[in-house]
Amino acid sequence: MTPEITIIGGGLAGCEAAWQVASRGGRVRLYEMKPDRYSPAHESPMLAELVCSNSLRAADVHSAVGLLKEEMRKLGSLILAVADHTQVPAGRALAVDRTLFADAVTQAVEAHPAITVVRQEVTELPAPGPYPVILASGPLTSPPLAASLAQITGEEHLAFYDAIAPIVHTDSLDRAIVYQASRYDDGPGDYLNCPMNREQYLAFTDALAAGDKVPLKEFEEQKYFEGCLPIEVMLARGIDTLRFGPMKPVGLPDPRTGRDPYAVVQLRMENQEGQTYNMVGFQTKLTYGAQKTVFRLIPGMEHAEFARLGSIHRNTFVCAPKVLLPSLQLKNRPDLLLAGQISGVEGYVESTAMGLLAGINALRLGQGQEGLVLPPDTALGALLIHLTQTDPKHFQPSNINFGLFPLFAKKMPKKQRGQYRAETALASLDRFCREHDLSPAPAPGA
């Protein structure tokens, strides 16, 4: 009998999990609460909606996230296949037109004959049944569903706050000031740059520090993920923090002067037509009114019109080392698998990767086989090690990085490490796939 896997959540992880199950011979019932109900950060009825950014980060396979993407491609990732076809220029990063991307994922999932999409909110996890369930409800899991998970795991959830960067309409920028360039002339010049001198920078940071912020609710605790800090939080750490972070001017000389500015605000293309741009690294908890006032102090953005303003929202995840097996099954209920950010990873690519593995393992479990655990020298395996072997007292969600990989057996020059990691990981993944007869899932339309 063909296993039918229940998946809760139609974001990146849920769609990836559904594709893996359905493309490998199983059936799927995919539950998505939109459009009947939206989270505080979502506004589109489409599946796989991107809310924080349109970037899937570095494309270079010698980087940790680039390597993770390449491993996922080898396993037939739906999300990566669609991202590659809907990408927009972003230097060495893989960024997508978020509307085309979500539309293509939605069409692929809804058109698959083995996937049934149910537009209905799930408020309670189902009782154990004949086949596994994947919870991929995302970082904004509704309170009733989160409470249901907490009851099953017996563990309290942790929470941190993730901030969204604004998007600006390109035709509202002053192109006499804003110039196009990539850092160190590396690439075709995919970013727009708003230069600041020292006086402009100090005026901007003064206004940023004084701007009205959205207050946290009484039940919320301020706990931010270090990789996605609001710019106000970064500024509070020191006046020059932004100049050494998202506003770093090095390698971006202003063509009007031939010199690097004192600080730079970079804008990254949001859609293929170049009609909108994302303010890179400008996650914020400023009120909407304050955002318009403060961000229009940026040279070239004096008359900026915003397609979307920034916001802040709570992310929910489990303490993975306490509750998860390396197969992404819950320790005390192995028929239930977690995928996406709720499993304890951070980032679009990492969340999708957990969906990919959860889908493969849920189908295997439904077929009476054991779940697979990827080798630790792969990016996928390194993420699983982080989730399941970190000291629970110090556990935090993490992006993929080479610090999660096994130590080098011998000293190696820094410039060679990325290449060595990539070659080792991809060879290890190839061996693993041969040993377990694991072939890539078919691409959409194949």
Side-chain angles (χ1 to χ4, degrees), residues 7-20 22-23 28 30-57 69 72-73 76-90 93-112 115-121 134 136-141 162 164-167 169 268-278 307-311 313 315 339-342 347-356 359 441 443-445:
I7 300 175
I8 302 170
L12 297 177
C15 289
E16 185 66 63
W19 188 262
Q20 294 299 320
S23 299
V28 173
L30 175 63
Y31 287 87
E32 169 54 50
M33 68 180 186
K34 299 186 302 181
D36 291 340
R37 186 167 180 268
Y38 288 86
S39 79
H42 291 86
E43 56 186 34
S44 166
M46 290 188 290
L47 303 175
E49 180 185 1
L50 303 180
V51 295
C52 292
S53 168
N54 69 326
S55 175
L56 276 67
R57 313 200 317 278
K69 288 197 282 283
M72 293 164 65
R73 289 187 181 99
S77 166
L78 167 68
I79 297 302
L80 264 296
V82 173
D84 288 337
H85 284 290
T86 59
Q87 64 181 295
V88 297
L94 172 59
V96 302
D97 181 315
R98 68 176 76 209
T99 301
L100 295 179
F101 170 83
D103 184 60
V105 174
T106 301
Q107 290 187 39
V109 170
E110 291 184 338
H112 199 294
I115 301 175
T116 300
V117 179
V118 182
R119 296 284 185 162
Q120 175 183 321
E121 182 181 5
I134 298 174
S137 51
L140 298 177
T141 297
D162 197 8
I164 297 174
I167 297 173
H169 289 289
R268 180 181 58 236
M269 190 183 294
E270 265 289 316
N271 58 16
Q272 291 180 340
E273 294 80 15
Q275 296 170 323
T276 54
Y277 273 72
N278 186 291
R308 183 192 72 190
L309 288 162
S311 64
H313 57 272
N315 283 355
Q341 289 194 37
I342 200 167
Y348 288 153
V349 181
E350 293 84 347
S351 298
T352 304
M354 296 303 99
L356 186 152

* Partner set under side-chain hydrogen bond (donor to acceptor under 3.5 Å, both in side chains) for Thr352, not counting sequence neighbours -> none
* To do: Could you tell me which residues satisfy side-chain hydrogen bond (donor to acceptor under 3.5 Å, both in side chains) with Glu49, sequence neighbours excluded, listed by chain and number?
  => Lys34
* Who pairs with Ser351 by side chain to side chain contact (heavy atoms under 4.5 Å, CB included), at least two apart in sequence or on another chain? -> Gln341, Val345
* Distance-minimising heavy-atom pair for Tyr348 and Val51 -> OH-N, 3.2 Å
* **Residues which pass salt bridge (Lys or Arg N to Asp or Glu O under 4.0 Å) with Glu32, listed by chain and number, not counting sequence neighbours** => none
* Asked: Distance-only, no hydrogens or angles: does the Ser23 side chain make a donor-acceptor pair with backbone N or O of Gln20 under 3.5 Å?
  -> no
* Distance (rounded to the nearest 0.5 Å) between Met269 CE and Ile167 CD1 -> 13.5 Å
* Donor-acceptor pair, side chain of Lys69 and main chain of Leu94, under 3.5 angstrom -> no
* Structure fact -> Sorted by chain and residue number, the side-chain hydrogen bond (donor to acceptor under 3.5 Å, both in side chains) partners of Gln275 (sequence neighbours excluded) come out as Asn271
* To do: Would you name the heavy atoms of Leu47 and Cys15 that are closest together and state the gap between them?
  => CB-SG, 3.7 Å
* Applying salt bridge (Lys or Arg N to Asp or Glu O under 4.0 Å), name anything that partners Arg268, two or more places apart in sequence or on another chain. => none
* Structure fact -> In terms of heavy-atom contacts, Gly76 and Trp19 come closest through O-CD1, 4.0 Å
* side-chain hydrogen bond (donor to acceptor under 3.5 Å, both in side chains) partners of Thr106, counting only residues at least two apart -> none
Pairs of donor and acceptor atoms involving the side chains of residues 78-88, under 3.5 Å and at least two apart or interchain, shall be tabulated with distances.
unit_1, atom_1, unit_2, atom_2, d
Asp84, OD1, Arg73, NH2, 2.9
Asp84, OD2, Arg73, NE, 2.9
Thr86, OG1, Val82, O, 2.9
Gln87, NE2, Asp84, O, 3.0

* Structure fact -> Scanning both residues in full, the closest heavy-atom pair of Ala339 with Ile134 reads CB-CG2, 3.9 Å
* Could you list the residues that satisfy salt bridge (Lys or Arg N to Asp or Glu O under 4.0 Å) with Glu110, not counting sequence neighbours? => Arg119
* Spacing of NE2 belonging to His112 relative to CG belonging to Leu30, to within rounding of 0.5 Å -> 12.5 Å
* Asked: Residues in side chain to side chain contact (heavy atoms under 4.5 Å, CB included) with His169, at least two apart?
  -> Asp171, Ser172, Thr276, Glu305, Ala307
* Do the side chains of Tyr38 and Ser44 get nearer than 4.5 Å, heavy atoms only? -> no
* Asked: How would you list all residue pairs meeting salt bridge (charged side-chain N to carboxylate O under 4.0 Å, His left out) that involve residues 97-108, not counting sequence neighbours?
  -> Arg98-Glu270
* Taking all non-hydrogen atoms of both residues into account, name the closest pair between Ser77 and Leu356 and its distance. => CB-CD1, 3.9 Å
* Structure fact -> Minimal heavy-atom distance between Ala165 and Asn278, with the atoms involved, is CB-OD1, 3.8 Å
* Taking atom CD1 of Ile7 and atom CD of Glu16, what is their separation to the nearest 0.5 Å? -> 10.0 Å
